[in-house]
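Convention: sequence-line order gives letters A, B, ...; per-chain numbering from 1.
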Amino acid sequence: MEKGMISVDRWSEGSQVYFLTHLHADHTNGLSSTWKRGPLFCSRITAKLFPFKFPGFKLSLLRVLEIGQWHSISLVSPTTGSDTTVNVMAIDAHHCPGAVMYLFRGEFGCMLYTGDFRWEPTNTRAQIGRSMLHNAIGNDKVDILYLDNTYCNPSYSFPSREVAAKQVVDVIASHPDHDIVIGIDSLGKEDLLLHIARVLKMKIWVWPERLQIMHLLGFHDIFTTKISQTRVRAVPRYSFSIDTLEGLNIMRPTIGIMPSGLPWVVRPLAGNNNIFGLSPSSFHHRSKLSAKAQRFACIQNLNEDSRAVEKYHEYIYTVPYSDHSCFEEIKEFVKLVQPTNMKGIVASSFSYVDPLYYFGHLLRVNLQSKRLSKNFERKGGESVEAVHTKSTLENDRSAEARMKRKTREGDLLGVHVSRVSILRRIRCGAKILELD
DNA sequence: GCGATCAGCT
DNA sequence: CACAGCTGATCGC
């Protein structure tokens, strides 16, 4: 078997060290309590939460990286077989608690793996992150950027979380006699809940496991599991549906709030007309616009930057609160990093767009990648695979073959996208073997 | 009986 | 359709 060096959010065999960006399930596929493949690096907060998600995990394998500090790791070069040093820095990704990006320097060059991230233009933590990253890169150049391309399409435009949190507070305040349920996951959106609790001076109900996580994160006296103490409840997103809200309304007047970067969130019932806001069908309709119309739509979106609260259903509001960067923020990030090449880390079953399509022109001048980018734009679909292959450090043949089997080329959104025909979203992770 | 994986669903 | 995640069935051990 070919020997590897480093894996990020990938847990198959063959690497000497492994890095975890954050604890969401789509980044930990393959990780388990019985893990024994090698040292696992993560942030301090992730390490603190780790035993909760993976009880029995051999903690001697966990390595905490302090944010903003360079760490040296001794590895064996997969190309020469001799000892080599890799330097790595973790930087706050501001996605969910503990989420970090990793900047690597080694014989393979300099690479940045963002994991999932959100850096709003005016956010303090993002500003600290930007200057930290800028200083860490210094005069070096980033050879390859692995980018959170979740919302890598101009149609994804939404306000900062600060603005969206205010929208949520407004919705709650305008329903003084209603119970409120907010759909959240097992990690993330804490800042939103803290904002609500502080401004409206109320506790927030969470389910028991979530309360434990809140306590691990250091939030005491704000959350409760006693239903009588508050009218605002944060509930698991999977338990949040139109059916649930209709059921709750038999007992008490209740509204649901869905914080999401996506314009559709709750699966409509069969036959539901979706008369409120941007429905799945209207999004599809918009998606069929030509590339030119798409770009026009995106300019319009820029002007209205703050997408508003939408009433999705009689009892359900969606608020554009996202823990992923919107299109403009991704673009600013790429301009900051100026990588020589880049690759998206998210392959969505619906709208995967290679970041090179929109941001190829922002790359540091590099003949090979410029040529690839040009081919990509000229020939479209056929060359997508070529760009994918050339721009990746991935070398897991079986995984690649699997991807090819499951991938077909489509022409959605007026751009050539690689459409994955399976239903699940795929997080790629990265395995670094050698310089491309 | 247990963990890993997958289908189905939200 | 899915930002992320649950439940239950099945399979190999």
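Backbone-only contact: A:D185 has heavy atoms under 4.0 Å from sugar-phosphate atoms and none from a base.
The CZ atom of A:F240 sits 18 Å away from the P atom of C:dT7 (whole-angstrom rounding). As rounded to whole Å, 14 Å separates atom C1' of C:dA4 from atom CG of A:D9. The CD1-C1' distance, from A:I316 to B:dT10, rounds to 12 Å in whole Å. The distance from atom CZ of A:R237 to atom P of C:dT7 is 15 Å, rounded to the nearest whole Å. Distance A:N149 CG to C:dA2 P: 13 Å, rounded to the nearest Å. Atoms CG (A:N29) and P (C:dA4) sit 12 Å apart, rounded to a whole Å.
Proximity of the aromatic rings of A:Y321 and A:H195 is defined here by a centroid distance below 6.0 angstrom, and this criterion is not met. Ring pair A:F333/A:W119: centre-to-centre distance below 6.0 Å.
Between A:S186 and C:dG5 there is a side-chain N or O to OP1 or OP2 distance below 4.0 Å. Between A:S32 and B:dA4 there is a side-chain N or O to OP1 or OP2 distance below 4.0 Å. Side-chain N/O atoms of A:H324 include one lying less than 4.0 angstrom from OP1 or OP2 on C:dA4. The phosphate of C:dA4 has OP1 or OP2 within less than 4.0 Å of a side-chain N or O from A:H95. One finds a side-chain N or O of A:T34 lying less than 4.0 angstrom from the OP1 or OP2 phosphate oxygen of B:dA4.
Checked by atom type and distance alone, the side chain of A:Q127 never pairs as donor or acceptor with a backbone atom of A:R125 at under 3.5 Å.
How far CG of A:L112 is from CE of A:M342: 12.0 Å, rounded to the nearest 0.5 Å.
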